[in-house]
Amino acid sequence: MSLKEKYPISLYNTLSGQREKFEPLNADSVGMYVCGPTVYSDVHLGNVRTFMSFDIVYRYLMYVGYKVRYVRNITDVGHLVDDADEGEDKIAKKARIEKLEPMELVKKYTSGFHKVLDDFNVLPVSIEPCATGHIVEQIDMVKELIENGWAYEVNGSVYFDVAKYDKSHSYGRLSKRKIEELMESGRTLDSQDEKKNKIDFAIWKKASPSHIMRWNSPWGEGFPGWHLECTVMSTKYLGESFDIHGGGMDLVFPHHECEIAQSVGATGKDPVKYWMHANMLTVNGQKMSKSLGNSFLPEELFAGDHELLDRGFGPMVVRFFMLQSHYSSTLDFSNEALIAAEKGYKRLMEGFKISKNLEYTKGQVNNDLEASVNQMIDSLFANMGDDFNTAKTLAVLFEITTLMNNIKAGNNKTGELSKETFELLIQHYQGFILDVLGLREETESNNDLTNGVIEMLIQVRMDAKAAKNYALSDKIRDDLKALGVTLKDGKEGTEFSID
Ligand code: AMP
Ligand code: ZN
């Protein structure tokens, strides 16, 4: 029996509002789409939490044997300031401020996003499409929606007719909102004079003369709506119906609600079987967000360069900190919580180190221990299968860590387990730490070594200078620079910084 058959998964589906057994549309493979970042600024830790939550889902599905196609987009056009239907594009606005071409800005922040995910050991996805690369497909879908009677054109912009759609398909199914209430409470400012109803949303917008990101379309020069891009890219790479769609909870309405309406309107099919939403990272109970000014950048965290932090914390400590809570709960960020997480992370990794050096020596099998270890292995899977409960999974990993410490201290012997159980235990203990939870050893000793080698090269460079061998001293400085190490000569000697 394969792992995925032996250990079923259940998950909370925002659409049904219930816990459901996970049964993908195709037995062995899973299609998963997660809304990616709008690349107009550095990603903060809140964003990281959401991408890490879905990294865990991705990792676990693969661990139990699914073939997963994971699509996460890059939003590089159409996301307007304030998530509105009117106004400046977030990318274009920032490009103007930074005096860059929009695509230069996109490249800069996409690279930064990748670097951050890599620091946190978030795996690369299978496909990472960007909205500007799919303008043709977006225009096609707008045409389809008009042809199917769900969208209308006014003055070069095209809007989705929510009220009409609602009559037969009930808009608001995902977010559990009623159209009457939305009609009452919706924004009144956005393109109000063009829309039939204020809850209609733009799927194509006419570009004003100052709008620099613009494309030709049957309705004149314009640009696609933010909600449309995700529908187009998920459909293109995963099909009209696929298994999992994820994102932060703040995207349920209107973004995901609109995605459902667009898909149903274009293809006649419900696009997603399981909608999953990750909860927010908060600071003093308030959502971490760039606009609220309470966001942390990863490098501020690593360097301890923030008023709420006493010192820096490595990315694996932060990853561990995030894994201690369930993805659907809010998680509050604090210096104290990170200190506690650091202790836990170190204790776990010490157990991991012991496990790497253990050898099996045949002995008298202890049936109680054998049974309890088998139960622990089952619990690892049961807890991850329980809506990806990383907190409960960590608790089991700590039980195994205690056993590792006992073996090291001589209180238990490897031979008290059958060889088969021992091997399974080591395989899954290490597998859950590295492959499922994505923790890796944070190697302070490596940093010490690197620093030591750089100090040594600085000394060699000083000796070279003293011997007037400037060719060598310059070469050391330039070669280090190429590796990202900058030397700065001062009165007190030479200091270095690593990019
Ligand atoms: P954005 O680039 O603003 O579209 O955000 C990218 C992703 O990060 C979205 O899925 C958001 O829901 C998510 N996100 C934004 N702020 C937070 C937060 N404080 N905690 C968790 N996720 C967040
Ligand atoms: Zn999206």
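Residue numbers run from 1 in the order of the sequence given. One-based numbering, in listed order, for ligands and for the atoms of each.
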Exercise for the section: Check the pair K90 / D83 against salt bridge (Lys or Arg N to Asp or Glu O under 4.0 Å), numbers first and verdict last. Expected result: CA-CA 9 Å; K90 291 188 185 195; D83 299 351; 3.3 Å; yes
Handout entry: Pi-cation contact, F54 with R72 (under 6.0 Å, within 45°)
Key =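 No, a cation-pi geometry is absent between R72 and F54.
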Practice task
Looking only at distances, please establish whether an N/O atom of ligand 1 is found under 3.5 Å from an N/O atom of M280.
Solution key: no
Problem - salt_bridge(E98, K108) N-O dist < 4.0 Å - result: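 A salt bridge is present here (some side-chain N lies under 4.0 Å from a carboxylate O).
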Handout entry: Nearest-neighbour protein heavy atom for atom 21 (C) of ligand 1, which is reported as residue plus atom name and distance
Key =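 Going atom by atom, the protein heavy atom closest to atom 21 (C) of ligand 1 ends up being G46 O, 3.0 Å.
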Exercise for the section: Please report which non-hydrogen protein atom sits nearest to atom 3 (O) of ligand 1, along with the residue it belongs to and the distance in Å to one decimal place. Expected result: N47 ND2, 4.4 Å
Handout entry: Mode of M249 contact toward ligand 1 - side chain, backbone, both, neither (heavy atoms, under 4.0 Å)
Key =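 None of M249 does.
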Practice task
Determine whether the side chain, the backbone, both or neither of D250 has a heavy atom under 4.0 Å from any heavy atom of ligand 1.
Solution key: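 Answer for D250: side chain.
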Closer than 4.0 Å to some heavy atom of [X] - which atoms of ligand 1 meet that?
X	value
T38	2 (O), 4 (O)
K287	16 (N), 19 (N)
G248	10 (O), 12 (O)
M288	16 (N), 18 (C), 19 (N)

Handout entry: Vertex the Zn ion (ligand 2), rays to SG in C35 and NE2 in H255 - rounded to 10°
Key =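 It rounds to 120°.
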Proximity of [X] and [Y] rings by center, below 6.0 Å:
X	Y	value
H255	F201	no
F22	Y274	yes
H227	H256	no
F381	F432	yes
F296	H44	no

Practice task
Given salt bridge (Lys or Arg N to Asp or Glu O under 4.0 Å), test D386 with K392 step by step and report yes or no.
Solution key: CA-CA 9 Å; D386 180 11; K392 279 162 68 184; 2.7 Å; yes
Practice task
Could you tell me whether the Zn ion (ligand 2) has an N, O or S atom of C230 under 2.8 Å away?
Solution key: yes
Exercise for the section: Please confirm whether N279 comes under 4.0 Å of ligand 1, counting heavy atoms of the residue only. Expected result: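 In this structure, N279 qualifies as a contact of ligand 1 - some heavy atom is under 4.0 Å.
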Practice task
Closest by any non-hydrogen atom to atom 20 (N) of ligand 1: pick that one out of T50, L251, L281.
Solution key: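 Closest candidate by heavy-atom distance is L281.
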